[in-house]
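Each remark here refers to the structure printed beneath this line.
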Amino acid sequence: MERHKDGRMIPREEELIYRTRWLVRVRWFVVLLMGIGAVASHVLGFAYPAGPLLLLAAFVAAYNVLFAVVVRWSAARPVELVPVYRFINLQIAADFLALLAWVHYTGGPASPFLPFFVFHLVICGLLVSRRMVFVHAGWVLVVLLVMAIAEARGWLPHCPPLEAEVTRPIESARYLISIGVVTIVTFVTISIVVGGIAGRLRRRELELDEVRQELERHARQVEAAHAKLKKLDRDRISFFRLVSHQLRSPLSSIQTVLKLVTSGYAEQPEKAAELVARAELQSQHMLAMLNDMLSLTRVREAAQVEAPEMVALGPMVADVVEASQNAALAKKITLTADIASELPSISAIRNHAKQLFAILVENAVKYTPEGGTVEVTAEYDKGEVRVAVTDTGIGVPPDEMGEIFGEFFRASNARKHEHVGTGLGLSIGKKVADDLGGRIEVTSSVGRGSTFTVVLPVSPSGNPG
Ligand code: ADP
């Protein structure tokens with residue numbers, strides 16, 4: 001994978017197109033060198049035929065124009081691997097042919113340009129498969145051999161680097177210089193090409209490493225999401241189990257009562273009335289449980305569907321306290337409210353917020369014996385609203401404190417004190433407080449009373465007053 005300038009990964013096809021472009025660009029440079037070489041050898045008085053060499057440079061330039069046009073044309077089209085590889089092999093073959101012709105006109109088997117085949121093979125290896133490199137190397141070698149034999153036998157004209165009278169080329173400074181220049185060009189080219197390949201490989205390694213890290217990150221995320229889903233599923237199943245369990249016992253006692261009544265066991269009307277009253281109590285309990293379960297579901301669902309609004313907390317808490325006054329009066333409990341006048345508004349789903357405070361106040365009245373007190377205070381301090389409900393009730397046993405927010409949980413002393421209860425109120429309250437970004441704090445002492453405090457952060461848009 002290669003990278004676009006914007007850092008996006010590009011696929012193999014696009015990289016091939018990128019490489020063909022690079023090949024065309026390099027070839028312009030080679031054409032320039034060929035032209036300069038042909039002219040220079042003529043000026044320096046080499047015996048190489050300048051005309052054919054220049055023509056060769058022009059020929060390479062001509063087919064490079066053709067290739068450039070094809071590359072530009074294909075850039076706008078969807079890329080397919082096979083034609084692109086064919087195109088690259090065609091270019092390589094054309095280059096080898098040009099190089100063979102160049103070698104022929106610069107001395108055939110005695111040409112100083114023979115090493116150029118090496119770096120052309122290196123470039124070839126960069127672009128096509130190893131098999132194709134062998135194919136190209138094979139046919140070029142065969143042509144070179146045939147050329148050498150043909151030139152030696154005189155079937156093909158031989159173009160010696162120097163005039164015929166120079167019998168020992170090693171004594172010719174020009175020849176040595178030409179060998180030197182070709183060797184330097186070969187070395188430099190090989191270094192550039194090999195350095196380029198190594199650099200590219202290193203970059204590729206880094207990219208691969210990044211991709212690997214990204215994949216690992218994704219895998220971890222997927223794993224976490226999977227674990228979360230599994231936990232949700234487990235929670236759902238245990239909730240169903242709890243619900244069935246909770247509903248089964250009142251229902252079966254109603255059934256027992258009905259059986260007793262219909263079987264004629266309770267002949268006296270008082271006995272029958274007592275049994276039916278018991279069944280009614282159980283059905284009330286079931287109804288309360290179903291209502292709480294519906295509330296819990298509503299609170300869970302609504303957080304995603306219902307839009308919150310700005311809710312003035314002061315009047316809301318006052319309303320909730322007012323609504324519990326009758327129940328408090330019935331138990332001779334003094335229920336008071338002390339609400340700060342500068343309470344801010346908060347962004348909340350109105351019914352849910354109201355239900356949260358109602359649950360705490362109703363519980364306080366429920367779990368406080370006759371003649372006790374329940375005090376509700378609401379204040380705003382340091383970006384938080386604190387609504388505290390303090391009672392002089394039965395308290396929560398310390399070892400059960402951690403469980404009171406769990407679904408269907410009722411503390412042992414609560415069950416003794418008050419038979420009616422579902423154990424769902426505080427779970428609903430906790431969910432609402434969580435949704436509001438807040439929490440419920442509890443301090444309690446058995447037999448002395450408890451304080452349940454709702455702490456809600458006020459967003460900057462919440463306006464005190
Ligand atoms: P419920 O009141 O229906 O039992 P809740 O979920 O509202 O269910 O409360 C769970 C438990 O927390 C209660 O059963 C009780 O043990 C304890 N609790 C809640 N509020 C108080 C309170 N004000 N005083 C003492 N215990 C409380």
Side-chain angles (χ1 to χ4, degrees), residues 235 238-239 242-243 245-247 249-250 281-300 317 320-321 323-325 327-328 330-337 352-378 386-435 439-455:
D235 289 354
S238 71
F239 184 71
L242 269 174
V243 168
H245 192 72
Q246 294 291 325
L247 290 179
S249 63
L281 198 73
Q282 295 290 358
S283 68
Q284 255 178 30
H285 179 62
M286 276 181 76
L287 202 62
M289 180 97 69
L290 286 171
N291 280 337
D292 276 359
M293 267 165 17
L294 276 178
S295 286
L296 187 64
T297 330
R298 233 174 274 141
V299 163
R300 282 187 175 168
V317 176
V320 167
V321 172
S324 282
Q325 282 298 358
K331 290 176 77 179
K332 299 188 184 68
I333 288 171
T334 317
L335 172 58
T336 58
H352 294 181
K354 195 166 182 174
Q355 197 173 5
L356 162 64
F357 300 124
I359 286 167
L360 298 187
V361 176
E362 283 167 16
N363 274 353
V365 173
K366 190 161 73 176
Y367 295 113
T368 298
E370 286 206 0
T373 60
V374 173
E375 191 191 6
V376 181
T377 61
R386 299 177 72 88
V387 180
V389 182
T390 306
D391 61 50
T392 54
I394 59 169
V396 182
D399 55 330
E400 292 175 273
M401 187 66 108
E403 290 173 89
I404 57 173
F405 291 98
E407 280 144 10
F408 302 111
F409 182 81
R410 304 196 69 207
S412 46
N413 61 343
R415 257 182 271 209
K416 274 185 221 139
H417 174 83
E418 174 68 57
H419 294 297
V420 181
T422 60
L424 286 173
L426 285 184
S427 347
I428 298 172
K430 183 180 178 332
K431 174 79 178 97
V432 175
D434 284 351
D435 287 347
R439 60 186 186 277
I440 302 178
E441 293 172 354
V442 192
T443 56
S444 186
S445 158
V446 174
R448 290 181 163 201
S450 324
T451 299
F452 284 75
T453 309
V454 179
V455 185

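As the structure lists them, so they are numbered: ligands from 1, and atoms in each ligand from 1.
- In terms of protein heavy atoms, atom 10 (C) of ligand 1 is closest to Phe409 O, 3.4 Å.
- Protein heavy atom at the shortest distance from atom 23 (N) of ligand 1 is Asp391 OD2, 2.9 Å.
- Residue Ile404 has at least one heavy-atom neighbour below 4.0 Å for each of these atoms of ligand 1: 10 (C), 12 (O), 17 (C).
- In terms of protein heavy atoms, atom 14 (O) of ligand 1 is closest to Arg410 CA, 3.2 Å.
- Applying the side-chain contact (heavy atoms from CB on, under 4.5 Å) test to Gln355 and every residue at least two apart in sequence or in another chain returns Ser295, Val299, Ile359, Ile428.
- Of the protein's non-hydrogen atoms, Gly395 O, 3.6 Å is the one closest to atom 25 (C) of ligand 1.
- Residue-level proximity to ligand 1 for Phe405 is absent, since no heavy atom of it falls below 4.0 angstrom.
- The protein heavy atom nearest to atom 5 (P) of ligand 1 is Leu426 N, 3.5 Å.
- Considering backbone and side-chain atoms alike, Val396 places every N or O at 3.5 Å or more from each N or O of ligand 1.
- Considering backbone and side-chain atoms together, Ala411 places an N or O closer than 3.5 Å to an N or O of ligand 1.
- Of the protein's non-hydrogen atoms, the one nearest atom 13 (C) of ligand 1 is Tyr367 OH, 3.6 Å.
- Among the atoms of Thr422, some N or O lies under 3.5 angstrom from an N or O of ligand 1.
- The distance from ligand 1 to the heavy atoms of Ala364 drops below 4.0 Å at these ligand atoms: 23 (N).
- Residue Lys366 has at least one N or O atom closer than 3.5 Å to an N or O atom of ligand 1.
- Here the protein heavy atom with the shortest distance to atom 7 (O) of ligand 1 is Asn363 ND2, 2.8 Å.
- The side-chain contact (heavy atoms from CB on, under 4.5 Å) test applied to Ser324 returns Leu335, Val361, Glu362, not counting sequence neighbours.
- Contact annotation: the side chain of Leu426 approaches that of Leu360 to within less than 4.5 Å [non-hydrogen atoms, C-beta and beyond].
- The protein atom (non-hydrogen) at minimum distance from atom 15 (C) of ligand 1 is Ala414 CB, 3.6 Å.
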